[in-house]
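Below is one structure; the comments refer to it alone.
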Amino acid sequence: PDCVKIFLDGVPTESHTGAMLEPYADAHAGHGDNRPEKGILMVSQPVLDKAVADFDRQGLHIKFHAAGDAAVRAAIDAVAAARRVNGSGGPMHDVGHSTFVSREDIPRVREVQMAWEFSPYIWYPTPMASVDVRKAVGEERMKRWVPLREAIDTGALVVAGSDWSVVPSVNPWLAMETLVTRQKPGGSEETLGEQERISLEEAFRLFTGSGAALMGHRDQVGSLEPGMRADLVVTETNPFEVPITSLHSTRVRMTFVDGEKVYDAASPPRLSAR
């Protein structure tokens, strides 16, 4: 193995399992509400610090599940502690999901040589985010829902993940469109975390060069240039010339891996019957 995943909390919904720095907006302590006011941090900081330092020393990449801002802080604190003990030459660990992040912690990820991973594709209005999460955390915290803009502006390495199959979409075109619009695919009056919008160029980078860098393969893939592996797709339309609200419907005509055509929409592979 070359990677360890550490689950630090749950999700910031009505269940209150996501670990938050401040109490949930719909918490009613002392009124028969037995849900934790600030969620659940599954690993204590001393135990986490020791484990992360040990894994880091072994050269193991660590991916943290951290949805709430308290869990994100715990992950950053643990990596900062590991850097103090082991030095700065260890793997680039990443904090994953990062649904809510304190403003104070946004610049720290770059400082401790970590990366951000944002997922799943619910940075646009969905019933879960727009209703369930909003009710749980309150309107003010939703303004910074999935803070990609802030993370990118620090110069840190930022990538996007699908969280397949928890949220069943691996369509990067849908993801990139909604990263730019913060609207439902195809456009909508409703937005979610509008101030965290990014450009289409930045969205493309998340899914290409940045993703390759986090995987440790940036010297081989992630861009189209001499000397790189010829992993590429040919699309029916130019993503940079169509209306942004139609990007989710982009169709791939051909796919190449190492220069070999492995998919052609004109003669798609036959599906075997089972």
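- Judged by distance alone, with hydrogens and angles left aside, the side-chain atoms of His16 form no donor-acceptor pair with the main-chain N or O of Glu37 at under 3.5 Å.
- Residues Leu8 and Leu48 have side chains in contact (heavy-atom distance under 4.5 Å, counting atoms from C-beta outward).
- A donor-acceptor pair is defined here as one N or O able to donate and one able to accept, closer than 3.5 Å; no such pair exists between the side chain of Glu194 and the backbone of Thr191.
- Residues Glu14 and Lys135 are not paired through a salt bridge, judged by the lack of any N-O separation under 4.0 Å between the basic side chain and the carboxylate.
- Hydrophobic clustering keeps Val221 apart from Phe207 (ILVMFWY residues linked when any side-chain heavy atoms are closer than 4.5 Å, directly or through intermediates).
- No donor-acceptor contact under 3.5 angstrom links the side chains of Thr237 and Thr235, judged on distance only.
- By the criterion of side-chain heavy atoms lying less than 4.5 angstrom apart, applied directly or through intervening Ile, Leu, Val, Met, Phe, Trp or Tyr residues, Ile40 is not grouped with Val11; the two fall into different hydrophobic clusters.
- A salt bridge (Lys or Arg N to Asp or Glu O under 4.0 Å) check over residues 151-167, counting only residues at least two apart or in different chains, returns the pairs Arg149-Asp153.
- In terms of hydrophobic clustering, with Ile, Leu, Val, Met, Phe, Trp and Tyr side chains grouped at heavy-atom distances under 4.5 Å, Met228 and Val234 are assigned to different clusters.
- A heavy-atom distance below 4.5 Å is not found between the side chains of Phe55 and Pro91.
- Between the side chain of His61 and the main chain of Gly59, no donor-acceptor pair closer than 3.5 Å is present.
- Checking side-chain atoms of Ser130 against main-chain N and O of Pro127 turns up no donor-acceptor pair under 3.5 Å.
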Original post:
When you look at Arg218 and Ser223, which way does the side chain to side chain donor-acceptor pair (under 3.5 Å) test go after all the steps?
Top reply: CA-CA 8 Å; Arg218 188 63 186 90; Ser223 58; 3.3 Å; yes
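- Residues Ile122 and Met128 have side chains in contact (heavy-atom distance under 4.5 Å, counting atoms from C-beta outward).
- Listed by chain and residue number, Asp9, Leu41, Ala70, Ala71 satisfy the side chain to side chain contact (heavy atoms under 4.5 Å, CB included) test with Ala19 (two or more places apart in sequence, or in another chain).
- A heavy-atom distance below 4.5 Å is not found between the side chains of Val262 and Phe256.
- Under a 3.5 Å cut-off, the side chain of Arg35 and the backbone N or O of Asp26 do form a donor-acceptor pair.
- Using modelled atom types, no side-chain atom of Thr255 and backbone atom of Val252 make a donor-acceptor pair closer than 3.5 Å.
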**OP:** Walk me through it: do Phe7 and Phe64 pass the test ring-ring contact (aromatic ring centres under 6.0 Å, His included)?
**Re:** CA-CA 6 Å; Phe7 284 85; Phe64 299 92; over 10 Å; no
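- By the 6.0 Å contact criterion, CE on Met215 is open, its count of non-hydrogen atoms from other residues, nucleotides or ligands being 12 or less.
- Atom CG of Asp2 and atom CD of Gln58 lie 12.5 Å apart (nearest 0.5 Å).
- Heavy-atom minimum distance, Gln183 versus Thr178: O-CG2, 3.2 Å.
- When atom types are taken as modelled, the side chain of Arg197 and the backbone of Thr181 share a donor-acceptor pair closer than 3.5 angstrom.
- Residues Arg103 and Pro107 come closest through the heavy atom pair O-CD, 3.5 Å.
- Glu196 places a side-chain N or O within donor-acceptor distance of the main-chain N or O of Glu150, the cut-off being under 3.5 Å.
- Annotation: Glu201, atom CD; neighbour count of heavy atoms from other residues, nucleotides and ligands within 6.0 Å is above 12.
- Between atom CG of residue Asp231 and atom NE2 of residue His217 there is a gap of 11.0 Å, rounded to the nearest 0.5 Å.
- Nearest heavy-atom pair across Arg182 and Pro125 is O-CD, 3.5 Å.
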Subject >> Stepwise side-chain contact (heavy atoms from CB on, under 4.5 Å) check, Tyr263 with Met254 >> reply: CA-CA 5 Å; Tyr263 172 78; Met254 289 178 283; 5.7 Å; no
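- Within a 6.0 Å sphere centred on CG of Asn238, other residues, nucleotides and ligands contribute more than 12 heavy atoms.
- Taking a cutoff of 4.0 Å between a charged side-chain nitrogen and a carboxylate oxygen, Glu139 and Arg134 qualify as a salt bridge.
- Across every non-hydrogen atom of Val170 and Ser162, the tightest pair is CG1-OG, 3.8 Å.
- In terms of hydrophobic clustering, with Ile, Leu, Val, Met, Phe, Trp and Tyr side chains grouped at heavy-atom distances under 4.5 Å, Ile106 and Val72 are assigned to a common cluster.
- For the pair Ile152/Leu206, a side-chain contact is recorded, criterion being any heavy-atom separation below 4.5 Å from C-beta on.
- Follow the hydrophobic side-chain contacts under 4.5 Å out from Ile62 and you never reach Leu157; the two are in separate clusters.
- Residue pairs meeting the salt bridge (Lys or Arg N to Asp or Glu O under 4.0 Å) criterion with at least one partner in residues 257-267, sequence neighbours excluded, are Arg229-Asp258, Lys261-Asp264.
- Counting only distance, with no hydrogens or angles, the side chain of Thr126 and the backbone of Ala129 share a donor-acceptor pair below 3.5 Å.
- Sorted by first then second residue, the ring-ring contact (aromatic ring centres under 6.0 Å, His included) pairs that include residues 74-117, not counting sequence neighbours, are His65-His97, Phe100-Trp145, Trp116-Phe118.
- Considering all non-hydrogen atoms of both residues, Met20 and Val137 come closest at CE-CG1, 4.3 Å.
- Atom NZ of Lys184 has 12 or fewer heavy atoms from other residues, nucleotides or ligands within 6.0 Å.
- Taking 4.5 Å as the limit, some side-chain heavy atom of Leu21 sits within range of a side-chain heavy atom of Ser102.
- For the pair Glu117 (side chain) and Val95 (backbone), a donor-acceptor distance under 3.5 Å is absent.
- Within the structure, salt bridge (Lys or Arg N to Asp or Glu O under 4.0 Å) contacts touching residues 65-77 (residues at least two apart or in different chains) are Arg73-Glu104, Arg73-Asp105, Asp77-Arg108.
- Taken from OG in Ser199 to CZ in Phe204, the straight-line distance is 11.0 Å, to the nearest 0.5 Å.
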**OP:** Starting from the C-alpha separation in whole Å, work towards a yes-or-no answer on side-chain contact (heavy atoms from CB on, under 4.5 Å) for Asp94 and Val159.
**Re:** CA-CA 9 Å; Asp94 70 282; Val159 304; 5.7 Å; no
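- In summary, the side chains of Ser249 and Trp173 do not present any donor paired with an acceptor at a separation below 3.5 Å, with no hydrogens or angles considered.
- No donor-acceptor contact under 3.5 angstrom links the side chains of Glu190 and Ser188, judged on distance only.
- Listed by first and then second residue, the salt bridge (Lys or Arg N to Asp or Glu O under 4.0 Å) pairs involving residues 41-60 are Lys50-Asp54, Asp54-Arg57, Asp56-Arg83 (not counting sequence neighbours).
- Nearest heavy-atom pair, Val112 versus Ile76, reported as atom, atom and distance to 0.1 Å: CG2-CG2, 4.3 Å.
- Within the 4.5 Å cutoff, the side chain of Leu247 has no heavy atoms near those of the Thr245 side chain.
- Here the side chains of Lys38 and Tyr24 are not in contact, with every heavy-atom distance at 4.5 Å or above.
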